[in-house]
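Below is one structure, written out as structure tokens; comments come after it.
Whatever order the structure lists them in is the order used to number ligands and atoms, beginning at 1. Along the sequence shown, residues carry numbers from 1.
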Amino acid sequence: MKRLSVLAAGLAAAIVLTGAAALSGTGAMTNMPAASVANVTLTAEHGSGQHGTATLVQRGDSVVVTLIMSGIPVGVAEPAHIHPGTCAKLNPVPRYPLTNATNGATTTTIKNVKLASLLGGKYAINVHNAADLRIYVACGPIK
Ligand SMILES: [Cu+2]
């Protein structure tokens, strides 16, 4: 059911975007609004078996990040952040902390940030082992 609801949310976002483009009255690429939704796939690292998705949505001056993970041990909350860099070469200093990741959805509102500034492969979302922060258990690039 979780996967279905994620698909439904993505579909709803696509419909909203399509509607916004239609209402803008122009199809010219140069006049297209900046992307307001970004989807990130987090894959397991270091054999953690943990993976997930993140959805970043621009809401006014804030970006709302919804992180949905699976494979995290029951009752464990793992630190998660947006870091500069790529998953292959991550700057260890977080740029934006996220709400700790659990099995299920966690949501963070990052104030005063434009989604566009996070796009283009300059940042990645990572999740850390709760007992040893140096161990990354999952990572996904923000494209
Ligand atoms: Cu981190």
Quiz prompt | Aromatic ring pairing H128/Y136, orientation class (parallel under 30°, perpendicular over 60°, tilted between) | solution = perpendicular
Quiz item: Which value, rounded to 10°, describes the NE2(H128)-the Cu ion (ligand 1)-OD1(N126) angle?
Solution: 100°
Practice problem: Look at the aromatic rings of Y123 and Y96 and report parallel, tilted or perpendicular, splitting at 30° and 60°. | Solution: tilted
Self-check item: the Cu ion (ligand 1) to nearest N/O/S of Y136 below 2.8 Å
Solution: no
Quiz item: Roughly how far, to the nearest 0.5 Å, is the OG atom of S117 from the NZ atom of K122?
Solution: 7.0 Å
Exercise. Among residues two or more places apart or on two chains, list those pairs meeting salt bridge (charged side-chain N to carboxylate O under 4.0 Å, His left out) that have a residue in residues 40-57.
Key: none
Quiz item: Which atom, among the N/O/S set of H81, is closest to the Cu ion (ligand 1)?
Solution: ND1
